[in-house]
Amino acid sequence: MSQALDEIKIGGLGASRKRVEDSRFIRGTGNYTDDITLPGMLHMEILRSPLAHARIKSIDASRAWQIPGVHLVLTGEMMATRNLAWMPTLSYDTQAVLATDKVRFQGQEVACVIADDPYIAKDACELIDIEYEPLPVIVNPEQAVADGAPVIRDDKENQLDNVIYDWAVGDAEGTGRAFAQADKISKLRLHYPRSHPSPIECCGSIADYNRSTSKLTVYMTTQAPHIIRAAVALVAELPEHMIRIISPDIGGGFGNKVPVYPGYVCSILASILLERPVKWIEDKSGNLISTGFARDVYLDGEMALRSDGKILAVRMHTDADHGAFFSDAQPSKFKIGLMHSAFAAYDVPVAHLTARGTYSNKAPGGVAYRCSFRVTEAMFFQERMMQAAADDLGMDQAEFRRMNFVPDEAFPHRTPFGFLTDSGQYARCLDVGLKAVGYQDFRRQQEEARGRGRLLGLGISTMTEPLGAGNSREYDILGIKMFDSAELKVHMTGKAIVRTGARGQGQGHETTWAQIVSHELGIPAEDVVVEEGDTDTAPFGMGTYASRSTPVAGAAVAMVSRKIRAKARRLAAHLLEVSEEDVEWELGRFYIRSAPDRGVTIQECAMAAYSNMPDGMEPGLENTAYYDPPNLTWPFAVYIVTVEVDPQTGVWDVLNMVAVDDCGIRINPMIVEGQIMGGLTEAYAVANMQFITFDAEGNCVGSNYMDYLLPTAWETPGFELHSEVVTPCPHHPIGAKGIGECAAVGGPAAFVNAVLDALKGTGVRNIDMPLLPDRVWEAITYRRDISGAPPVRADD
Ligand code: CDP
């Protein structure tokens, strides 16, 4: 007679439990970095360079020092005396904290003022006199490698040009042979433009150095507090156990809050020098022009095709513009992140990818904006190439994809670039999407509309992406292996606290981690509190980005719960006076196999752990698990968009958007849907309206919210979400795959493919994002491709 609890009722796996964190967020009682005020706190402002490339001839801060209320002016020269003018980046490069010799991008940090309040600090910044000698500017990879190009990183001893790396993966010879046998070769050149995560909350920190305890506490907007602690220990040469990083509530991160920024370092040094807390809160323009750009990658892609539609080989060359410092946060082994995850969903026999990274006079880029290290660019290129290839062959878009999918029975599948995908039902997901969008009907309508001069289009994007770095064998950041952790303490009354090394920024970890504990132990989710973000209390972890939390930290929560259950079983046997082998488990309760109505609840076991444990047993019911995943998780998605393009204005409207996401077991279906809707909204914004680029002088154009548009509910189209296909991850303890970034990764290609499908037959093969009306209009009117690569044209 089972007395197992109803898992959905207690808020376990599959329950669409309301997000517990929202209660404080929607009441305005969240606790963000800028909400924190410490006694005696000072405020820091940063002076940024107006020029993109210039030698610094002199800095005179004497007028700033004279302003009443100014406590400190920091310049590169002063930082240099403490060996802090430069800091290491997460990609083994160096980055200027405050410029000493040259400025290398517009918005670069040149000096800081620390004052009684932020207004005094800002006014004083304006009184710092700097004499610059302008230098020639580079804003794209072509200029970076041109003969006679100025060397941007002349601070580096052996850097004689602007190339950061040349990297290759795959089989060059085999790919060459396959191309020689192709019936058709389809080519495409694309640019994935710079974009910006633009979280609502900008970056910031409050450094609080206490001389009497020698302890440095830093409240900061970081998605990876433990990595920051290690970085501060190494850069500032402080003992790690005397550093406490606290990441309070975060108002969105999206990768923007992974790297170490100069503002953090300056506020820490200022606090050490002044022995007072120092707060730095970045303003919106500072965030937009200098902090955490993403993308800016070019593709030259080629596909070798058989006339019946079989892909024989793929060749990709990518040029990545990293800006002035190579500061990407990514696994050290892969120079261009996981770009080589492209074509993982397709049965491509052989492929070769070459990648070149270059410096330019732009702010550092490479932030994995809602993305697993360049996967967004990879999937965009893949799906744009798929559309072009199908068109070149005269084949149906859906059929071309279907015939090249990795079939269900082929898993595990080794991708042409060496990843191992392990599960999926790709064709089934596509069928669900095509049915939902009414594919055949739409194609008929499209034909009819074309006859009447109306341009309708349908775009498909199908992809599997690698989420959940590591395993630690292959994935590390600065040599620190990528794994994660969870600590679970069950108190004597059966209430529990779980802490992980991840750090959510709005994804709902406080809700979903409790659900995993609930699923594993039968403790109601409301009895489990989740804490993240304090390095003094949370176990070590690599943080939250790249949708790795569920695959790694979430798995650690399941594993630590199982350790607790194992001990609880011994306690249960003791309480029931039987041997452990005679004890069975059902959700929330152990019972005697031969007498199922005699049992004890998990709460009774918890009480016994503190009050009635067997002789020789260590008291208490708590444990920690470190989880090193055996593989990445591979969710699969189908995004299909239909649009109408107005040929008179170039404006395009979304008619319908269907999303089919298979992310394995969904812990909280409502949260998953929220993640998908958010991702699709960002995808739509990038494809449609987010314009930020550079002119020939390196001025950041579009660095304001009049040009870089954030879609509101008004502009955002409706999305139809489908969850009927579920392929559990074979190696994740609860079968979950990551989901946070999927829609932002796979979505952009669906929108762009739809607009280009509407223009099919006009000779237009590509329009670079964002597909602004004037670009679409120009393409239609002049029947030509439109490049969005910087420098921006004078008339833009
Ligand atoms: O690393 P990040 O939290 O950004 O991404 P994620 O691991 O994909 O999770 C995003 C949110 O969706 C978290 O609250 C997860 O617990 C939840 N999720 C879920 O409920 N079921 C899944 N299969 C995957 C994620």
Side-chain angles (χ1 to χ4, degrees), residues 8 11-22 197 199 223-224 247 250 252-258 329 368-373 375-376 423 465-470 482 484 486 498 500-519 525 528 530 532-533 541-558 627 629 632-637 661-679 682 721 723 725-729 731-746:
I8 298 296
L13 219 55
S16 280
R17 192 179 171 226
K18 282 192 181 160
R19 293 166 30 116
V20 294
E21 44 274 86
D22 285 358
Q223 299 173 225
S247 179
I250 300 184
F254 308 108
N256 188 230
K257 292 168 180 167
V258 176
Y369 166 20
R370 210 166 184 170
C371 160
S372 288
F373 324 113
V375 163
T376 308
S423 55
E465 59 154 332
L467 298 184
M482 297 188 80
D484 247 286
V498 63
T500 82
R503 185 29 165 160
Q505 316 113 47
Q507 295 93 328
H509 294 178
E510 289 173 44
T511 310
T512 49
W513 296 166
Q515 291 185 249
I516 296 175
V517 175
S518 198
H519 168 70
V528 183
V530 176
E532 293 180 334
M542 294 297 278
T544 289
Y545 41 86
S547 296
R548 59 187 300 281
S549 305
T550 301
V552 197
V557 173
Y627 187 76
L632 301 147
T633 69
W634 294 90
F636 182 76
D661 280 275
D662 176 3
C663 59
I665 302 297
R666 297 183 176 203
I667 303 162
N668 183 322
M670 183 190 67
I671 286 187
V672 168
E673 291 198 352
Q675 294 289 308
I676 296 168
M677 287 197 182
E682 285 183 298
L721 308 188
S723 57
V725 186
V726 178
T727 318
C729 173
H731 59 77
H732 188 279
I734 56 166
K737 303 178 181 183
I739 187 64
E741 70 190 39
C742 292
V745 168

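Start at 1 and go down the list; that is how both ligands and their atoms are numbered.
- Contact shell of ligand 1 (protein heavy atoms, cutoff 4.0 Å): Gln507, Gly508, His509, Thr512, Trp513, Thr544, Ser547, Arg548, Ser549, Thr550, Pro551, Cys663, Ile665, Arg666, Ile667, Asn668, Ile671, Val672, Gln675, Ala736, Lys737, Gly738, Ile739, Gly740.
- When atom types are taken as modelled, the side chain of Lys257 and the backbone of Gly252 share a donor-acceptor pair closer than 3.5 angstrom.
- Applying the salt bridge (charged side-chain N to carboxylate O under 4.0 Å, His left out) rule to Arg548 yields the partners Asp484; only residues at least two apart in sequence or on another chain are considered.
- Each of Lys18, Arg19, Glu21, Arg17 was evaluated against Thr511; a single residue qualifies, Glu21, per the side-chain hydrogen bond (donor to acceptor under 3.5 Å, both in side chains) test.
- Separation of atoms CG (Asp22) and CD (Glu510) is listed at 9.5 Å; rounding is to 0.5 Å.
- For Tyr545, there are no ring-ring contact (aromatic ring centres under 6.0 Å, His included) partners, not counting sequence neighbours.
- Residues passing the side-chain hydrogen bond (donor to acceptor under 3.5 Å, both in side chains) test with Gln515, sequence neighbours excluded: Asn668.
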